[in-house]
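Shown next, in structure tokens, is the structure this report addresses.
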Amino acid sequence: MHRTYSMRQSRAPTASQIQNPPPPTSSTKSGRFFGKSSVGHAFRKSTAGAFGPDLAKKLAQLVKMEKNVMRSMELVGRERMEVAQQLSIWGEACDDDVSDVTDKLGVLIYEIGELEDQMVDRYDQYRVTIKSIRNIEASVQPSRDRKQKITDQIAQLKYKEPNSPRIVVLEQELVRAEAESLVAEAQLSNITREKLKAAFTYQFDAIKEHSEKLAIIAGFGKHLLELVDDTPVTPGETREAYDGYEASKAIIQDCEDALTNWVTANAAIKPSLSTRARNLSTHRQKQMGEGVGHDLSGQDSSMKDRESGLWVPAGTHREYQGGEEEEEEEEEEEGVSGEARGREEERPTEV
């Protein structure tokens, strides 16, 4: 039996990817200067927002912290792939049943590593959308500063030169500045709510898909374990010859089919509100003039149906007023090849 194989050899798009096309590769996977150590994490967190507008500092720190989260997720994915390969290498010298099962388990664990990698790309959609709120906050800061500056000038003149004709001019400028500020503040309020809902929808959709697929792999992994004969034997006793090669391969194929055909509509976990929560939700909606409660039945629709052009590529948000040091990091791109996920050897068929 040829043992060089992997799940989804052709890597054709899954049903979920066809329904909701995957995002571009995460911007955190390249362009690193501080490497993957905790030193880089600590530096990014401590310097977040240090050079930007005051209004955007808190959200800038959140964006940096989420970048650290994504770097950690990426590292976990690579480590899982290496663990999968090592498990297969270890099992190679064991008895036939243990050898075959550990090889197949290695395939499943490697697949988990790849799911972690895909999760990073989808998580980046959330981070970039949150990042756009930070950019809007940064753009609003100048209007606030201008209004405050004029107010201070008027107060100073009224104290030093109460009859100065410049006070009238400054008061007219203040009226215009307040009008500009009102527009900017309204835009910030509207976009913050819109982007916040879109960003966390991206995150929760990604978590849901990731968790469901992990549960699928775990279930098939337990089926594989049933092929291992753990009946105790006495010294000198010989176990029956292992004949589960086709069964283990079929389990892997079934797992592949389950992952390929998974779509959000088939999710096993479907949250629903309690009566109390729905009533409170309805009351809240009535206060806002809607008159209906939060119905979660449509929460799994694609983001492209709920959001019109809210998410844009990471490159669009690379700079904002005051500069952003995180996008200037340069780091070597490392990764684990996704080609070989089984042990490359020929196993003679049992006779």
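Looking at K57 and E137, no side-chain N of the basic residue comes within less than 4.0 Å of a carboxylate O on the acidic one, giving no salt bridge. Remark: R239 engages D229 in a salt bridge, criterion side-chain N to carboxylate O under 4.0 Å.
In plain terms, the two heavy atoms of V140 and A184 that are nearest each other are CG2-O, 3.7 Å. The shortest heavy-atom contact between S99 and C94 is CB-O, 4.0 Å. Annotation for K195 and S132: closest pair CD-OG, 3.5 Å, computed over non-hydrogen atoms. Nearest approach of E74 to V120, heavy atoms of both residues: N-CG2, 3.8 Å. When every heavy atom of I216 is checked against every heavy atom of A258, the shortest pair comes out as CG2-CB, 3.8 Å.
Looking at heavy atoms from C-beta onward, N266 lies out of side-chain contact with N261 at the 4.5 angstrom threshold. Side chains of K104 and I251 form no contact here, defined as non-hydrogen atoms less than 4.5 Å apart. Proximity of V101 to S248: side-chain heavy atoms (C-beta onward) are nowhere separated by under 4.5 Å. A heavy-atom distance below 4.5 Å is found between the side chains of L115 and Q118. Side-chain contact between T192 and I136 is absent, with no heavy atoms from C-beta onward closer than 4.5 Å. Contact of the I252 side chain with the K249 side chain is not registered, since no non-hydrogen atoms from C-beta on lie closer than 4.5 Å. Residues V175 and Q172 are not in side-chain contact: their nearest non-hydrogen atoms beyond the backbone lie 4.5 Å or more apart.
Hydrophobic clustering of Ile, Leu, Val, Met, Phe, Trp and Tyr side chains at less than 4.5 Å, counting indirect connections, keeps I112 apart from V76. Under the 4.5 Å side-chain contact rule for hydrophobic residues, V233 and L227 do not share a cluster. V228 and I109 fall within a single hydrophobic cluster, where Ile, Leu, Val, Met, Phe, Trp and Tyr side chains are chained together by heavy-atom contacts under 4.5 Å. Side-chain heavy atoms closer than 4.5 Å link hydrophobic residues (I, L, V, M, F, W, Y) into clusters, and following such links, possibly through other members, connects L87 to I217.
Contacts classified as salt bridge (Lys or Arg N to Asp or Glu O under 4.0 Å) and involving residues 214-227 (residues at least two apart or in different chains) are not found.
Taking a 4.5 Å side-chain heavy-atom cut-off between Ile, Leu, Val, Met, Phe, Trp and Tyr, the cluster of I154 extends to I150, L157, I167, L170, L174. If you chain together ILVMFWY residues whose side-chain heavy atoms come under 4.5 Å of each other, V168 ends up in a group of its own. Through direct or indirect side-chain contacts shorter than 4.5 Å among Ile, Leu, Val, Met, Phe, Trp and Tyr, L280 is connected to no other residue.
A donor-acceptor contact under 3.5 angstrom links the side chains of R193 and S189, judged on distance only. For the residue pair E237 and T234, a side-chain donor N or O sits within less than 3.5 Å of a side-chain acceptor on the partner. Looking only at atom types and distance, the side chain of D152 has no donor-acceptor partner in the side chain of Q156 under 3.5 Å away. D100 and Y242 share a donor-acceptor pair across their side chains, judged by distance under 3.5 Å alone.
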ask   = Going through the distances and angles, do K213 and E111 end up as a side-chain contact (heavy atoms from CB on, under 4.5 Å)?
value = CA-CA 10 Å; K213 288 184 176 181; E111 183 71 13; over 6 Å; no
message = For K208 and D205: C-alpha separation, side-chain torsions, deciding distance, then whether salt bridge (charged side-chain N to carboxylate O under 4.0 Å, His left out) applies.
response = CA-CA 5 Å; K208 185 171 184 177; D205 284 350; over 6 Å; no
request  = Check the pair R127 / D124 against side-chain contact (heavy atoms from CB on, under 4.5 Å), numbers first and verdict last.
outcome  = CA-CA 5 Å; R127 175 179 166 272; D124 195 41; 3.4 Å; yes
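Here T238 pairs with nothing under the side-chain hydrogen bond (donor to acceptor under 3.5 Å, both in side chains) rule; sequence neighbours left out. Not counting sequence neighbours, R176 has no partner by the side-chain hydrogen bond (donor to acceptor under 3.5 Å, both in side chains) test. Under the rule for a side-chain hydrogen bond (donor to acceptor under 3.5 Å, both in side chains), the partners of E66 that lie at least two apart in sequence or sit in another chain are Y123, Y126. Among residues two or more places apart in sequence or in another chain, the salt bridge (charged side-chain N to carboxylate O under 4.0 Å, His left out) test is passed with E116 by R80. For K158, the salt bridge (charged side-chain N to carboxylate O under 4.0 Å, His left out) partners are E171, not counting sequence neighbours. Partners of R166 according to the side-chain hydrogen bond (donor to acceptor under 3.5 Å, both in side chains) rule, which considers only residues two or more places apart in sequence or in another chain, do not exist here. For D145, there are no salt bridge (charged side-chain N to carboxylate O under 4.0 Å, His left out) partners, not counting sequence neighbours. Scored by the salt bridge (charged side-chain N to carboxylate O under 4.0 Å, His left out) test, K147 finds no partners at all (sequence neighbours excluded).
Under a 3.5 Å cut-off, the side chain of T102 and the backbone N or O of V98 do form a donor-acceptor pair. Looking only at distances, no side-chain donor or acceptor of E114 sits under 3.5 Å from a matching main-chain atom of G77.
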